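In what follows, a structure is listed as structure tokens, so that the remarks can point back to it.
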Amino acid sequence: MSDYTVRTLRPDEHRTAADLFRLTLHHVPATDETWRRFTERMLQPGRTLGAFDTELIGTVRSFDAEITLPGGARAGVAAVTGVGVRPDRTRRGILTELMRAQLTDIASRGLPFAALRASEGVIYNRFGYGVTTRSRSYRIDRRRAVLRADVPAAGQVELWPLDTALERLPELYASLPHTRPGMMTRPPYWWPGWERHAREATSPVVTAVHHGPNGPDGYVVYTVERKNWNDPAVLEVLSLHTATGEAFNGLWRYLLGVDLVDTLRAEERPVDEPAELLFTDLRAVQDTGGGDELWLRLVDVPAALGAREYAGEPVVLEVVDPVLETNSGRYQVSPDGVRRTGAAADLRLGVDALAMIYLGAWRPSLLAAAGRIQPADPAVLLRADRLFATSVPAWCGTHF
Ligand SMILES: CC(=O)SCCNC(=O)CCNC(=O)[C@H](O)C(C)(C)COP(=O)(O)OP(=O)(O)OC[C@H]1O[C@@H](n2cnc3c(N)ncnc32)[C@H](O)[C@@H]1OP(=O)(O)O
């Protein structure tokens, strides 16, 4: 029996919730101006929940977007963020109640997925989220980064002043193809966060747009940190999205030509991004890290399983969902479709492990070896690996 209640917040309660979230991240509250210009515009009405005892002690929120699936279809996803419980009320089940209420609400609105970026790796598995995309970070030493003569040069790069970028980037981003599973649309609730970052940054946030034969086909947003006259300067790629290889090459060619830069850094990039292929010395590019990027939750398991493409032979999954129990059951998954079945299960797995194989980030056989999936017979794992394989590694590329 809990001594608190959970409910959807009214708009006049949103600011208190946003400040509570900031407190849990050890940030100061939003100023009146930041609240009015940016934060308030990031909150989709009806999507912020609060937990109360005598006052607000915990909160979660989301906004609606779409995510790209293997095969190219897009499906609705609740982009979950703003998760925080007041430090004097943690570890007594408040997040658990908020997550249960939020997932029930997302399910009732017919969205098959929820997704988030996790502040810590231990929080979200228990609520059915699993790591579904992974990323790579790298650094380019500009002195060693000599472009190969055979890298095609095509198109033009043009800088957009910040006001132009704020006006035109949403449309440009929306026009670029989602070339990887995991990529997400950026609805109007996403852009004020970007604007805030760009306007409040201490170094200029620059947008360079590549123009190909049919108009803009890619862009990069970057900033250069150079504290003192003699300090080494680092160019940081904040966002890079391209429709074509020409746009990718053209934007890197441009970035390497930016003056007064010693190192270029790109974080949370696709694991197979071919940056080193551009250079005479492929060691000009050095990996600096990587890790989990997007966490996915299949909220409506049959709808979610049925929305992606598969290859190979059918496999029967027995899915266990401790939070949204109607998802639990057996599903036959095959290239011809997905249906509930009474047949014996080939694989038994939690809904969080299902998220880990769903976009191809992990092969089922690897999760089985680690004890996260239980096969009825090890021979089925090859079939399952083939069934869930994707032609290109998943990547999201949108922070929220
Ligand atoms: C998508 C995003 O917004 S990411 C941002 C997440 N927010 C933060 O990191 C802010 C700081 N942290 C917090 O506000 C809180 O600690 C939260 C929200 C992470 C957790 O809230 P709580 O109310 O303490 O979680 P709750 O009590 O429901 O925990 C449920 C279980 O998860 C465990 N757990 C929760 N958070 C953590 C954690 N950070 N580390 C280890 N275990 C944790 C609890 O121990 C508990 O385990 P049990 O069921 O075995 O007892």
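Computed from a predicted structure; not experimentally measured. As the structure lists them, so they are numbered: ligands from 1, and atoms in each ligand from 1.
Within the set L95, T81, I94, the minimum heavy-atom distance to atom 21 (O) of ligand 1 is found for L95. Considering F127, F21, Y124 only, the shortest heavy-atom separation from atom 4 (S) of ligand 1 involves Y124. Which of V85, V122, V83, V80 comes nearest to atom 7 (N) of ligand 1 through a heavy atom is settled by distance: it is V83.
Under a cut-off of 6.0 angstrom, the local environment of CD in E313 is sparse, with at most 12 non-hydrogen atoms contributed by other residues, nucleotides or ligands. Annotation for R139: atom CZ does not count as buried by contact number, only 12 or fewer foreign heavy atoms lying within 6.0 Å. A 6.0 Å sphere centred on CZ of R89 holds more than 12 heavy atoms belonging to other residues, nucleotides or ligands.
Within the listing of ligand 1, atoms 26 (P), 27 (O), 28 (O) sit less than 4.0 angstrom from a heavy atom of G93. Close approach of ligand 1 to G82 is summarised as follows: ligand atoms under 4.0 Å from at least one heavy atom of the residue are 3 (O). Heavy-atom proximity to R92, at under 4.0 Å, picks out these atoms of ligand 1: 27 (O). Atoms of ligand 1 found under 4.0 Å from any heavy atom of I123 (numbered from 1 in listed order, with element): 19 (C), 39 (N).
Y138 and V234 fall into different hydrophobic clusters, where Ile, Leu, Val, Met, Phe, Trp and Tyr are joined by side-chain heavy atoms under 4.5 Å apart, directly or via other members.
Only the backbone of R117 comes within 4.0 Å of ligand 1, counting heavy atoms alone; no side-chain atom from C-beta on gets that close. Proximity of E120 to ligand 1, defined as any heavy-atom pair under 4.0 Å, is confined to the side chain (atoms from C-beta onward).
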Which atom pairs, one a donor and one an acceptor, fall under 3.5 Å between side chains of residues 361-371 and the rest of the protein, sequence neighbours left out?
unit_1	atom_1	unit_2	atom_2	d
S365	OG	D385	OD1	3.3
S365	OG	D385	OD2	2.6

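In this structure, the protein non-hydrogen atom closest to atom 9 (O) of ligand 1 is S119 OG, 2.6 Å. The protein non-hydrogen atom at the shortest distance from atom 38 (C) of ligand 1 is R91 NH2, 3.1 Å.
The pair R126-D352 does not meet the salt-bridge criterion, since no charged nitrogen lies less than 4.0 angstrom from a carboxylate oxygen.
Qualifying side chain to side chain donor-acceptor pair (under 3.5 Å) partners for T48, counting only residues two or more places apart in sequence or in other chains: none.
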